Enquirer: 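A single structure is presented below for examination.
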Amino acid sequence: MHRASRLVRCTKRACLPTTRLGNTQQLNLNARRPFAISARSASELQASSKSFPRPARPLPELKTWSPLLWLATSAGLAGWVAFVLRTTNSERATSSVMRQVVFDIRQSDEVCAALGNEVQPENGSFVYSGYPRVQGTMSLLQGKVDISFRVRGSLGAGTVYFTSIRKTKGRPFVILRFRVVCDNGTIVSLREHYEDGAPSPSEATAKQ
């Protein structure tokens, strides 16, 4: 009996090193296993996401302000253009050259015969703030005046064309065109009146 117990003890002691070695190998295996487990878990998650896709949710609609922006920009540009037109036109309509041209037209017997009495410039639209619409350029410093505007009398209406230039500074203005073209086809030229020696409206204004 004692001999059998000794054999069992010896057997346990003999198997003990192999058991310890097996535990060491098992620890080494377990130390390497987390990488395999993590890779496996990632692949399983990826497979599960593919097998169970997420429901597609509609994207929220974004509010766009482009129509209002374009409308505000167009209104601003239209207001700016109207302001520039009104400012430049009012400067030409109230200039001394314009007043002198209108005065000469009223004093002309040919114009009164064609258009009647009380010849006056026609007022423009609301954009021009009630001033007559004067088209063209007017620059006394550069020596160039080229304007046209509408006039109306008791017998009819027409368009006035006035062009005067100054070749060099200090020289008098030379009238190239000064006529009234009536709507009925009658043309009244006033340029010949200034060829007799009378100062042109531009020259009289420059002297002032």
Side-chain angles (χ1 to χ4, degrees), residues 69-208:
L69 181 61
W70 280 109
L71 182 61
T73 304
S74 302
L77 289 176
W80 180 77
V81 171
F83 173 76
V84 172
L85 289 176
R86 182 177 62 182
T87 303
T88 55
N89 184 80
S90 62
E91 291 178 357
R92 291 193 292 259
T94 57
S95 63
S96 55
V97 176
M98 181 70 179
R99 292 196 299 267
Q100 186 65 34
V101 170
V102 173
F103 177 79
D104 292 343
I105 291 173
R106 290 176 178 176
Q107 297 298 320
S108 175
D109 297 334
E110 294 85 355
V111 175
C112 293
L115 299 180
N117 299 325
E118 300 180 358
V119 178
Q120 296 180 357
E122 290 184 354
N123 294 330
S125 60
F126 69 95
V127 177
Y128 304 102
S129 301
Y131 290 105
R133 182 184 178 186
V134 182
Q135 298 179 341
T137 59
M138 183 181 298
S139 178
L140 297 178
L141 296 178
Q142 296 180 359
K144 182 179 180 180
V145 178
D146 187 8
I147 59 176
S148 63
F149 57 95
R150 295 280 300 174
V151 292
R152 179 174 295 277
S154 59
L155 298 179
T159 305
V160 179
Y161 298 94
F162 179 80
T163 304
S164 178
I165 62 172
R166 181 178 59 188
K167 295 182 179 180
T168 58
K169 187 176 181 179
R171 300 291 301 274
F173 279 85
V174 178
I175 296 178
L176 302 180
R177 181 180 58 173
F178 190 10
R179 64 178 62 178
V180 180
V181 180
C182 304
D183 294 343
N184 57 7
T186 304
I187 299 177
V188 180
S189 178
L190 302 177
R191 181 173 176 270
E192 293 77 9
H193 173 71
Y194 295 98
E195 290 180 351
D196 296 336
S200 65
S202 302
E203 184 178 357
T205 304
K207 290 181 180 179
Q208 292 177 0

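Remember, predicted model here, so these are calculated numbers, not experimental data.
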Enquirer: Phe149 and side-chain contact (heavy atoms from CB on, under 4.5 Å): which single residue from Val101, Thr159, Asn89 fits?
Expert: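 Result: among Val101, Thr159, Asn89, Val101 is the only option passing the side-chain contact (heavy atoms from CB on, under 4.5 Å) with Phe149.
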Enquirer: Counting distance only, does the side-chain N/O of Asn117 pair as donor-acceptor with the main-chain N or O of Cys112 below 3.5 Å?
Expert: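 Side chain of Asn117 to backbone of Cys112, a donor-acceptor pair under 3.5 Å: no, none is there.
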Enquirer: Using modelled atom types and a 3.5 Å cut-off, is there a donor and acceptor pairing between side-chain atoms of Thr186 and backbone atoms of Cys182?
Expert: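 Flag not set: sc Thr186 to bb Cys182 has no pair under 3.5 Å.
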Enquirer: Please report the interatomic distance OH(Tyr131) to OG1(Thr94), rounded to the nearest 0.5 Å.
Expert: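 Going from the OH atom of Tyr131 to the OG1 atom of Thr94 covers 6.0 Å.
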Enquirer: Where do Met98 and Ala93 come nearest, in terms of heavy atoms and distance?
Expert: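 Closest approach of Met98 to Ala93, heavy atoms only: CG-O, 3.4 Å.
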Enquirer: Could Asp183 and Arg150 be called an ion pair, given the rule that one side-chain N must be under 4.0 Å from one carboxylate O?
Expert: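 Yes, charged N to carboxylate O under 4.0 Å.
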Enquirer: Rounded to the nearest 0.5 Å, what's the gap from OG1 on Thr163 to CG on Leu176? Could you check?
Expert: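 Thr163 atom OG1 to Leu176 atom CG measures 6.5 Å (nearest 0.5 Å).
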Enquirer: So, Ser108 side chain and Ile105 main chain: donor-acceptor pair closer than 3.5 Å or not?
Expert: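 No, Ser108 side chain to Ile105 backbone: no donor-acceptor pair under 3.5 Å.
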Enquirer: Is there side-chain contact between Phe178 and Val160, with at least one heavy-atom pair below 4.5 Å?
Expert: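 Contact flag for Phe178/Val160 side chains = yes.
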Enquirer: Are the side chains of Val145 and Phe162 in contact, using a 4.5 Å heavy-atom criterion?
Expert: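 Side chain of Phe162 against side chain of Val145, heavy atoms only: contact under 4.5 Å found.
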Enquirer: Heavy-atom distance under 4.5 Å between the side chains of Val97 and Leu140, does that happen here?
Expert: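 Yes - at least one pair of side-chain heavy atoms lies under 4.5 Å apart.
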Enquirer: How about CD on Gln142, more than 12 heavy atoms from neighbouring residues, nucleotides or ligands closer than 6.0 Å, or not?
Expert: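 Count not over threshold, so no.
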Enquirer: Find out whether Arg106 and Gln120 are in side-chain contact, i.e. whether some heavy atom of one side chain is under 4.5 Å from a heavy atom of the other.
Expert: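 Answer yes - side chains close enough.
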Enquirer: Below 4.5 Å, heavy atoms only, C-beta onward: do Thr137 and Ile147 meet side chain to side chain?
Expert: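 Of all side-chain heavy-atom pairs linking Ile147 with Thr137, none is under 4.5 Å.
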Enquirer: If you define the side chain from C-beta out and look only at heavy atoms, does anything of Ser148 sit under 4.5 Å from Gln135?
Expert: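 Touching, per the 4.5 Å side-chain cut-off.
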Enquirer: For Gly116 versus Ser154, what's the shortest heavy-atom pair and its separation?
Expert: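 Heavy-atom minimum between the residues: CA-OG, 3.4 Å.
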Enquirer: Would you mind reporting whether Val102 and Gln100 have side-chain heavy atoms less than 4.5 Å apart?
Expert: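 Of all side-chain heavy-atom pairs linking Val102 with Gln100, none is under 4.5 Å.
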Enquirer: Is there a donor-acceptor contact under 3.5 Å from the side chain of Arg177 to the main chain of Arg191?
Expert: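 Between the backbone of Arg191 and the side chain of Arg177 there is no qualifying donor-acceptor contact (under 3.5 Å).
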Enquirer: Contact between Val151 and Leu115 at the side-chain level, heavy atoms closer than 4.5 Å - yes or no?
Expert: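 Touching, per the 4.5 Å side-chain cut-off.
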Enquirer: Please find the pair of heavy atoms, one from Arg166 and one from Lys169, that lie closest to each other, and give the distance.
Expert: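 The answer is NE-CA, 4.3 Å.
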Enquirer: Any side-chain to backbone donor/acceptor pair from Thr88 onto Leu85? Under 3.5 Å, distance only.
Expert: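 Side chain of Thr88 to backbone of Leu85, a donor-acceptor pair under 3.5 Å: yes, one is there.
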Enquirer: Ignoring hydrogens and angles, tell me if any N or O in the side chain of Arg92 forms a donor-acceptor pair with the backbone of Val134 under 3.5 Å.
Expert: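 Pair found, side chain donor or acceptor close to backbone of Val134.
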